[in-house]
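This one's a predicted model, so the numbers in the text were calculated from it and none came from an experiment. When reading the values below, keep in mind they use all heavy atoms of this one structure, side chains included, and skip hydrogens, waters and symmetry mates.
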Amino acid sequence: MSARLLATLVCVLNSVLCFGQAAPVDPPEHRVLVYLSNDSGQSSQILDRMKREVGSLMEPAGYSVLWQVSDGSSASVSEVKVVIMELRGVCRPLATVMPFATVVNGASLASSVVEDGQVLPFTRLDCAMLSNFLAPYLPHQTDQRNLLFGQAMGRLAAHELFHTLTKTKIHEDIGVAKESFSAANLLGERFSFDFPAIIKFRDSAPARTAEMSDAEEDHVSVGR
């Protein structure tokens, strides 16, 4: 698989990459409660790494992130924004790199629901597609593979939170809110939201968007 393969966030927006960390808000001014749907059987090591990555990325935007498995139990959500995040498939790296472990151009890695032109708080991560995409780039050591996979999940999840919390369908030019991710973006040591994205988080200012059809979805997909 070419190292140029990109996970294109057709998420109804356009984006790029970031080299510095924005100044954190102390303490975070807002809270978001993320319900993980279809969480059964997932690796706790991978999910814990995903949650830490999301928390680290969202803190500069002024958000602290709470997590709960969507199992029908109740939770207090007073003054908390709620997002439902579905994990499709078992979220883990492939044990071995198989010849068929390739990703078709345009395949979706993650998405958020858009209806009547509005971004809704319903997102999903396609773990099987992510496993295939990252397979050629992950190290052989199991713990390292799991931690990097969880990191990649966290960056995709944070990208979708950008759309659902700011209610924008527009991507930024660089950083976690950009349109296309490479394997290096997902697995590299440094990757963050750029300053314009941080401002949109903090202001929750709606961006001008193009007309969209009903029940459309925003996608993180694969492109070249």
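- With contacts defined as side-chain heavy-atom distances shorter than 4.5 Å, the pair Q141/D143 qualifies.
- The structure places CZ of F133 at 13.0 Å from CG of L94, a figure rounded to the nearest 0.5 Å.
- Closest heavy-atom contact between A177 and A197: CB-CB, 4.0 Å.
- Atom CD in Q68 sits 12.0 Å away from atom OG in S37 (nearest 0.5 Å).
- Contact record, V54 with A157: CG2-CB, 3.9 Å, taken as the closest heavy-atom pair.
- Contact record, P121 with V82: CB-O, 3.3 Å, taken as the closest heavy-atom pair.
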- Applying side chain to side chain contact (heavy atoms under 4.5 Å, CB included), run through F149 and L147 and close with a yes or a no. CA-CA 5 Å; F149 193 88; L147 291 174; over 6 Å; no
- Query: Please walk me through it: do V65 and V34 pass side chain to side chain contact (heavy atoms under 4.5 Å, CB included)?
  - Reply: CA-CA 7 Å; V65 183; V34 180; 3.8 Å; yes
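- Ring pair F181/H159: centre-to-centre distance below 6.0 Å.
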- Do L156 and L186 pass the side chain to side chain contact (heavy atoms under 4.5 Å, CB included) test, and can you show the C-alpha distance, the side-chain angles, and the key distance before you say yes or no? CA-CA 8 Å; L156 291 173; L186 292 173; 4.0 Å; yes
- Query: Going through the distances and angles, do R155 and E53 end up as a side chain to side chain contact (heavy atoms under 4.5 Å, CB included)?
  - Reply: CA-CA 7 Å; R155 292 176 181 183; E53 185 70 11; 2.8 Å; yes
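- The shortest non-hydrogen separation linking I46 to C91 is CD1-O, 3.3 Å.
- Contact between L161 and F201 at its shortest, heavy atoms only, is O-CE2, 3.9 Å.
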